[in-house]
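Below is one structure; the comments refer to it alone.
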Protein chains: 2
Amino acid sequence: MYNNQRNLMSEKVSSRKQQVRAEDVARHAGVSRVSVSRTFTPGASVSDATRAKVLKSAEILGYRVNRLASSLNRSESGIVALVAAEIDTPHRAAMIAELSERLQAAGKVTMLINTSGYEERVKDALLQAISFRTEAAIILSGAPDPSLADTCFSNGMKLVLINREEDFPGSLQIGPDNRAAGKTALKALLRAGCKRIALANSANATWSIVERQKGFLAAAEDAGVDVLCEVDGFTSYQAGLELGTALLDREDRPDGIFCTTDLIACGVIDAARQRFGLRTPDDLSVIGFDNIQQAEWEGYDLTTFAQPTDQIIDKCLEWCTTEQPSSETVKLPAKFVWRNSVQKARVPMK
Amino acid sequence: MYNNQRNLMSEKVSSRKQQVRAEDVARHAGVSRVSVSRTFTPGASVSDATRAKVLKSAEILGYRVNRLASSLNRSESGIVALVAAEIDTPHRAAMIAELSERLQAAGKVTMLINTSGYEERVKDALLQAISFRTEAAIILSGAPDPSLADTCFSNGMKLVLINREEDFPGSLQIGPDNRAAGKTALKALLRAGCKRIALANSANATWSIVERQKGFLAAAEDAGVDVLCEVDGFTSYQAGLELGTALLDREDRPDGIFCTTDLIACGVIDAARQRFGLRTPDDLSVIGFDNIQQAEWEGYDLTTFAQPTDQIIDKCLEWCTTEQPSSETVKLPAKFVWRNSVQKARVPMK
DNA sequence: CTGATTATTGTACACGTTTGCATCTCCATA
DNA sequence: TATGGAGATGCAAACGTGTACAATAATCAG
């Protein structure tokens, strides 16, 4: 017969939360406990009769397979950790929305770990992920110590770094081709006939954002044009306001600005409009990066680069679901999105 | 002696992921397995000597307590589910950022479940949460069937509904006082001297958004003023553009518009500026709701209502961490944030 | 030095699953 | 009818932990 006694040794039964177990369903349906398990395991062998009985009893009792126990047994948690800071930033939020959506569609469960604040928290985040035997950790901001990464690997966890390209063996490093985008931005400003070109960047920029700046400056050097560099503040709209104000306040006011981020670009445009009465693209050409939702708002209509989000996620999922993925670095082209913040080409193409 | 043999019955050892267990650490440190467990259990009794040995060995071997197993045993997962749709929407993103942050600080782990798309997905989300024995589910959008909620309760899960106030026993229902806010909005427009007052709302609005509309209209009725209602589209910036265009295109163009959402308000302001050459607050007064980041962008400078996010989250956490919380409905005042999208008071206060 | 108290360690069981193997039933084929 | 084979079911062993209880070692009061 079934052993119905729970908590044999513990007197205070009430302290434990009573859950509906497979055994309860089994007893209710008059079948064995394994039959219940098999009913909920795809591909397992159960007769239609017992399956029906089990499903009915499960429905009545409100039974759900305990995935903690199941994960423990099969050593596959189905959980993927998303590690990110400043989640409420437009581009980041979009990325997380898309990622969680796609992970879900792939049958995975997303664990969100917010690392705003100290950089140190990436470490804690990964430790937490390891504790929960996460199948993979997708890091959207920051990067872990190599030693910590090894701990991840030794626990069978996969590591994806988005927007990082440092040397990181064993992981997938993926992101847009920031340098190329910077280059394209410069060409576009030149073709628009801009004479005094500037760059607006945050002083606390991420690696990938600095890359954009480098690409832009390198292209400028190649073309033999001087670039006015204004670098200050955080990667935010407010910083854009300040940067824009500083730039437009100069005697030699620039007529074309590459902003390393859409948020900064929005700030620059607003500075131009609200504080100097200048309009894009007539008085000033502005290019951003990220293609956040606000970029297509009518007040900005910002020419920018679209992050290759879909492709990044495609690759992410594919890489995470292969058995023994090998270290890989993927750089995807960022699509140039023409809107109306850049003067129409005055200089014909060569 | 220790039993080092794993997978006694399974030949293909390699198929299972090899993990570092407490037993491995115990063997390495020359102590018993329970000592390892005790080392990582706060308040357990271990001598400093063994604790030190255990910690050292754990460090070397890269051991982390398996929280799946631990949760299973103690029937406390430490996981809280966040159920939300349209995560990349400014207000939603901010809410999630703050919630995940605070949950983390409280030692909880957040599981993000994206329910964009069908409404049906709230059900799937909760079923998933139950499977993982989530301690609580915080629902930011949508609401579950009562029967499903019962299943949640019977599995010891707590339920929080944010921005819902339907009759839902056993759960915490919390959100801003939308009606009162609508009322305040009307008063503010009247005091600004607006003569032709309008309301712009989405046709697919949530319950709480509809409440704002109701509060506004009720107050208008009380004051004996007519309100022009434009209701169409989704709750988005684009809808705001359309709504604004439709309103401002009328013969009897309104001079004061309450938008049930900041996103809509931004759209309305842009419609006014970009399509009609009208400026706030001189030609048009606009009030929004949510106090999203864009509301304080210089291009909008939007007078709006701040969601009582902090208080909501405070209450959430407090409620979720009490043993047997009783059903509760909490309505918190939304703070009116004065910026510069509403004409300065022309009508003196009575 | 003895008995009592306390701090530490060990033993064994439970948490709720999945799965290899063995058993059993049933039906078709030779 | 005997022989296989397929399909369903049961048994028992894991997965990696926490904890009540017992046993042992250490400390202390008298």
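Chain identifiers are assigned alphabetically (A, B, ...) following the order of the sequence lines, protein sequences preceding nucleic acid strands; residue numbering begins at 1 within each chain. Every heavy atom of this structure was used, including side-chain atoms; hydrogens, water molecules and symmetry mates were not.
Distance A/L68 CG to C/dT17 C1': 10 Å, rounded to the nearest Å. In this entry the distance linking CD of A/Q19 with P of C/dC15 reads 10 Å, nearest Å. Taking atom CZ of A/R74 as the reference point, atom C1' of D/dG16 lies 17 Å away to the nearest angstrom. Taking atom CG of A/N73 as the reference point, atom P of D/dC15 lies 9 Å away to the nearest angstrom. The distance between atom CG of A/N66 and atom C1' of D/dG16, rounded to the nearest whole Å, is 14 Å. Whole-Å rounding puts the B/R67 CZ to D/dC15 C1' distance at 18 Å. The interatomic distance linking B/E76 (CD) with C/dC15 (C1') rounds to 13 Å, in whole Å. In this structure, the CD atom of A/E23 is 13 Å from the P atom of D/dG10, given to the nearest Å.
In summary, of the residues considered (B/E86, B/R92, B/R164), a side-chain hydrogen bond (donor to acceptor under 3.5 Å, both in side chains) with B/S141 occurs for B/R92 alone. Under the side-chain contact (heavy atoms from CB on, under 4.5 Å) rule, B/T39 has a single partner from B/V65, B/V31, B/V46, which is B/V46.
Within 6.0 Å of CD in A/E59 there are 12 or fewer heavy atoms belonging to other residues, nucleotides or ligands. The number of heavy atoms from other shown groups lying within 6.0 Å of NZ (A/K315) is above 12.
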Interface polar pairs with nucleotides 22-28 of chain C, N/O, under 3.5 angstrom:
none

Could you run down the sub-3.5 Å N/O contacts of the protein with nucleotides 6-8 of chain D?
{"from": "D/dA8", "atom 1": "OP2", "to": "A/S45", "atom 2": "OG", "distance (Å)": "3.4"}

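Residue contacts shown for A/F40 are absent, as no nucleic acid heavy atom lies under 4.0 Å away.
When each of C/dT18, C/dG16, D/dT17 is scored by its nearest atom to the side-chain atoms of A/L72, the top-ranked nucleotide is C/dG16. When each of D/dG18, D/dG16, C/dT17 is scored by its nearest atom to the side-chain atoms of B/R21, the top-ranked nucleotide is D/dG16. In the set C/dT18, C/dC15, D/dG18, D/dG18 carries the atom at the smallest distance from any side-chain atom of B/R33. Checking C/dT17, D/dG10, C/dG10 against the side-chain heavy atoms of A/V34 singles out D/dG10 as nearest. In the set C/dC21, D/dT17, C/dT18, C/dC21 carries the atom at the smallest distance from any side-chain atom of A/R38.
For B/D24 and B/R21, the salt-bridge test passes: some basic side-chain N is under 4.0 Å from an acidic carboxylate O. Classification of A/R67 and A/E76 as a salt-bridged pair fails, no side-chain N sitting under 4.0 Å from a carboxylate O. Salt-bridge annotation for B/K158 and B/E323: absent, with no side-chain N of the basic residue lying under 4.0 Å from a carboxylate O of the acidic one.
Nearer the 5' end of DNA chain D, as judged by each residue's closest nucleotide, is the contact made by A/R51, out of B/R64 and A/R51. When each of B/A69 and B/A49 is assigned the nucleotide of DNA chain C with its nearest heavy atom, B/A49 is the one assigned upstream, toward the 5' end. Mapped onto DNA chain D by nearest heavy atom, A/S35 and B/V65 fall at different nucleotides, with A/S35 at the one closer to the 5' end.
Proximity of B/S37 to the phosphate of D/dT17: no side-chain N or O atom is located under 4.0 Å from OP1 or OP2. One finds no side-chain N or O of B/S70 lying less than 4.0 angstrom from the OP1 or OP2 phosphate oxygen of D/dT17.
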For this session: Please assess A/R64 against B/R133 for the test side chain to side chain contact (heavy atoms under 4.5 Å, CB included), listing each intermediate value before the final yes or no.
Result: CA-CA 9 Å; A/R64 290 259 102 199; B/R133 297 307 188 262; 4.3 Å; yes
For this session: Please test B/V160 against B/S171 for side chain to side chain contact (heavy atoms under 4.5 Å, CB included), starting from the C-alpha separation and ending with a verdict.
Result: CA-CA 6 Å; B/V160 176; B/S171 64; over 6 Å; no
For this session: Decide yes or no on side chain to side chain contact (heavy atoms under 4.5 Å, CB included) for A/M95 and A/I162, but give the supporting numbers first.
Result: CA-CA 10 Å; A/M95 195 72 190; A/I162 293 188; 3.8 Å; yes
For this session: Report the C-alpha distance between A/T151 and A/I130 in whole Å, list the side-chain angles of each, state the deciding distance to 0.1 Å, and finish with yes or no for side chain to side chain contact (heavy atoms under 4.5 Å, CB included).
Result: CA-CA 8 Å; A/T151 309; A/I130 295 178; 3.8 Å; yes
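With hydrogens and angles disregarded, no donor-acceptor distance shorter than 3.5 Å links the side chain of B/N163 to the backbone of B/S208.
One axis for each end of the helix from C/dC1-D/dG30 to C/dA30-D/dT1, each built from five base pairs, and the angle between them comes to 40° at 10° resolution.
By the 4.5 Å heavy-atom criterion applied to side chains, B/V330 and B/W319 are not counted as neighbours.
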